[in-house]
Trainee: 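Handing you a structure now.
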Amino acid sequence: MIFDSYEAYRAANFTPKVCILGSGPAGTTVARKLGAAGIPVVVLEAGSREFSDESQDFYRGTTVGDFYFDLDITRLRFMGGSSNHWAGWCRVLDKQDFEPKAWVPDTGWPIRRTDIEPYLPEVRDILDLPAFRPDMPISDDIRWVQLIKSPAVRFAEKFGDELDKAGNIAVVLNTCVTELVGDGKRVTGARLWSNGQDAGSFSADYFIVCTGGLENSRLLLWSNQRSNGGVVPNAAALGRYWMEHPTFEGGNAILADYNAFEVDAVNEAFFSPTLAAMERLQIMNFGIRLIETPYPGVKSLIADLACTAPSMAEWMSYQLSQRLRCAAQLYVAWEQAPLASNQIELSKTDVDHAGVPRIELHWKKSELEHRTLLEGLRLFGTTLIEKNLGRVRIADWISNGQDYPTNDETAGHHHMGGTRMGTDISKSVVDANCKVHGMDNLYVGGSSVFCTSGQCNPTTTITALACRLGDHLSKVVTV
Amino acid sequence: MSFLIKKMSRRAIVQALIALPALSLFRKLPDADAAHPSHAGASLADPSEIVEVNGWILKRSDLA
């Protein structure tokens, strides 16, 4: 059932056991799992069926530190959430992403990759994915990795009819929770805002917060402040350890043979470091995206090489005459070290239309990340030499240690951390089952529970974790 | 050692000292990659050595 207002929902006299906040990939997946288990669930979606400026305005905020996107641009507030603008790139976090890195503090998850692997067939159905394929080592340091470019499932489009017909799932549009109320053990209720006005209070046995990797922290910070610590009793890490995937053009490559490794339908290939290379250089995970360079760009690259290594340039020039495809741009996206100082705070001066403080995002890239970028390109360049595949040129701003450019990709619009999973209550917000520490009936879904970010796009892992959370709740919640 | 020196003529000792800089062990080769700390101390004469010049990651032999 889908209702366009809270009033219409109330008139239906539906009694849910579980209340899910948000209808993005995490919220929709948990709802479908609970519905399939016969558990009545209501999904409160802040937006309507379509994009609107009025709804997006609730997402405005400010960023302190490094340059970042406007916070009302980097996410979407309507049915289906940010699945409405994602690119559809899919890969599950690596096994090593779940393990602690001895050289980076606060890494490691309380679960292993094997804990989510049983859900991957289900994830493939949800996201319309082909089979996952294992990595292929190119050298001791570099592996070819599969990044699936899927049709980008829009969750409202794909699952809208199913949700509308489901007798035990109610989706309520234009309705959001402005504040959860808790007593330090349980969430006892919620304040609602619907169609531009206060809509009173609401209660359910369980609450699952799936409002996105920025908004989850915002709602819990505000609720906790209003309840004097009654919603997140152990709040030391709340809003902290926020992460993105910084993404920049790192240089170019001239390739002896573009067919030496597998490329996708648009002639792109992806590479990551081996665990041994990360350990040896004490760097984070990263992904190098190799994009075929148009012909004029190839010529100028070879001219540049001729100034440094004339014979090599001559040989490359010969290769170019033999094969029209022989150069590439190298885009690098990398894993950020989880830092408590990268955090979501509540604005002290600015509130949205419902009176909830807006986000003040503190985000800064560290020295370790610049080293990851530089050493990553060196690893890739060395691998191309070792395997006689080509040569790499690192962009000047990286070699010279200059500031990050502000006219580049910047980041992946991947909002991770803030309510991270863990066993140490001083450094995490939820446990291995995504339940808020110390609370009996409050759970969190989505990438805000990520402890570390890995290097790949998060939606596949978000969906796997949501399947796992849905399974867990269907055993915990009694009808 | 001192026995050897006693047996050598002064002329032979001087000639040996003059010849020392010509030995590769004592020769300072031009360093194309002094700015790359990870390669400091590596054998600079190795043609397969990885060097970084003007942003390019190359083999030393590429520079020929």
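The sequence lines fix the lettering, A, B, ..., with proteins before strands; numbering per chain opens at 1.
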Trainee: Around E279(A), counting heavy atoms of other residues, nucleotides and ligands shown, do more than 12 lie under 6.0 Å from its CD?
Mentor: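 It does: E279(A) CD has more than 12 such atoms within range.
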Trainee: Does a sphere of radius 6.0 Å around NZ in K149(A) hold more than 12 heavy atoms from other residues, nucleotides or ligands, not counting ones at 6.0 Å or beyond?
Mentor: yes
Trainee: State, with a plain yes or no, whether a side-chain heavy atom of L301(A) is found less than 4.5 Å away from one of W56(B).
Mentor: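 In contact.
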Trainee: Look only at the side chain of R378(A) and the backbone of I57(B), and say whether a donor-acceptor pair between them is shorter than 3.5 Å.
Mentor: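 Between the backbone of I57(B) and the side chain of R378(A) there is no qualifying donor-acceptor contact (under 3.5 Å).
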Trainee: Measuring from L58(B):CG to T382(A):OG1, what's the distance to the nearest 0.5 Å?
Mentor: 10.5 Å
Trainee: Chain B heavy atoms under 4.5 Å from S399(A): which part of the residue, side chain, backbone, both or neither?
Mentor: side chain
Trainee: CD1/I50(B) to CD1/I385(A) distance, rounded to the nearest 0.5 angstrom?
Mentor: 4.0 Å
Trainee: Where is the tightest heavy-atom contact between D62(B) and M312(A), given as atom of each residue plus distance?
Mentor: OD1-CE, 3.0 Å
Trainee: Can you tell me which of R393(A), E386(A), R391(A) forms the most heavy-atom pairs within a distance under 4.5 Å of chain B?
Mentor: R393(A)
Trainee: Between I254(A), L377(A), D304(A), L305(A), which shows the greatest number of heavy-atom pairs under 4.5 Å with chain B?
Mentor: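 Heavy-atom pairs under 4.5 Å are most numerous for L305(A).
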Trainee: Side chains of residues 96-103 of chain A: which donor-acceptor partners sit under 3.5 Å, not counting sequence neighbours?
Mentor:
residue : atom : partner : partner atom : Å
D97(A)  : OD1  : N285(A) : ND2          : 3.1
D97(A)  : OD2  : D94(A)  : N            : 2.7
E99(A)  : OE2  : R112(A) : NE           : 3.1
K101(A) : NZ   : E335(A) : OE1          : 3.1
K101(A) : NZ   : E335(A) : OE2          : 3.3
W103(A) : NE1  : I283(A) : O            : 3.0

Trainee: Check the surroundings of atom CG in D264(A): do more than 12 heavy atoms from other residues, nucleotides or ligands lie under 6.0 Å from it?
Mentor: yes
Trainee: Among I394(A), N400(A), I398(A), which residue forms the greatest number of heavy-atom pairs with chain B at distances under 4.5 Å?
Mentor: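 Among I394(A), N400(A), I398(A), the one with the most close pairs to chain B is I394(A).
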